[in-house]
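A short worksheet on the structure shown next.
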Amino acid sequence: MQEKDVASFRAQVYLIVRQVPPGRVTTYGQVAAMIAAPAGVDPPKYQRIRAQWAGRAMRHAPADVPWQRVINSQGRISLPAASRPAAIQHMRLEAEGIEFDRVGRVDLRRFGWLGPDSAWLTKHGLLPAPPLGKSGPTQPTLF
DNA sequence: CGTTTGACTACGC
DNA sequence: CGCGTAGCCAAAC
């Protein structure tokens, strides 16, 4: 792993997150799944750590990245629960129409982003990511 | 320089 | 479902 690979990985994370439309959320894992493993990184190993990499990358997200639309695979905000940033994220998402259940969870089958279209993916050299939500294709039920 | 921590997940009970 | 655990590792202490 080189320094430039880290920068490249982060750049790809931001590029992808910028595509998530208001009112939808994605997960660290989904974003990371669209990014190919850097040269020299064992694929299986990469698969186990890429989501965490995406999470770490989000800490350095530029202001123009809609970071609030990235949550964890459980549909929950991953920032420290009582923190200010977590409150802001929750507030911003609700302002976009995202609903949280009683225990602060978002239904990924309803609000999960389906991902960019394949043309966009290939154009940027990214990989298609599996659908969000527990199983099967997600059924967008906005409105 | 050793230890702890954390914007992750999948999996087992 | 909720909760604990095992992988993993860059940063912060």
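All chains are named by letter (A, B, ...) in the order of the sequence lines, taking the proteins before the strands, and each is independently numbered beginning at 1.
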query = Partners of A:E96 by side chain to side chain donor-acceptor pair (under 3.5 Å), sequence neighbours excluded?
reply = A:Q68, A:R69
I'd like a table of donor-acceptor pairs (distance under 3.5 Å, sequence neighbours excluded) in which one partner is a side-chain atom from residues 29-46 of chain A, with atom names and distances.
from: A:Q30; atom 1: OE1; to: A:T26; atom 2: OG1; distance (Å): 2.4
from: A:Q30; atom 1: NE2; to: A:W113; atom 2: O; distance (Å): 3.2
from: A:Y46; atom 1: OH; to: A:I35; atom 2: O; distance (Å): 2.7

message = Quick one: does any side-chain atom of A:R10 pair with a main-chain N or O of A:R56 as donor and acceptor, under 3.5 Å?
response = no
task = For A:Y28 and A:M58, indicate whether the former's side chain and the latter's backbone hold a donor-acceptor pair under 3.5 Å.
result = no
key: A:S83 OG to A:Q89 CD distance, which is reported to the nearest 0.5 Å   = 9.0 Å
message = When the P atoms of C:dG7 and B:dA7 are compared, how many Å lie between them, rounded to an integer?
response = 23 Å
ask   = Expressed in angstrom and rounded to an integer, what is the separation of A:Q47 atom CD from C:dC9 atom P?
value = 14 Å
message = Pick the closest DNA chain C nucleotide for A:K45 and for A:V103 by heavy atoms, then say which residue is nearer the 5' end.
response = A:V103
ask   = So what does A:R105 touch, heavy atoms closer than 4.0 Å: a base, only the sugar-phosphate, or nothing?
value = sugar-phosphate
Contact state string [nucleotides 7-13 of chain B, B base, S sugar-phosphate only, - no protein heavy atom under 4.0 Å] = BBSS---
note = A:R76 atom CZ is separated from B:dG6 atom P, nearest whole Å, by 17 Å
ask   = Passes side-chain contact (heavy atoms from CB on, under 4.5 Å), A:T27 versus A:V70? Steps please.
value = CA-CA 5 Å; A:T27 67; A:V70 188; 5.8 Å; no
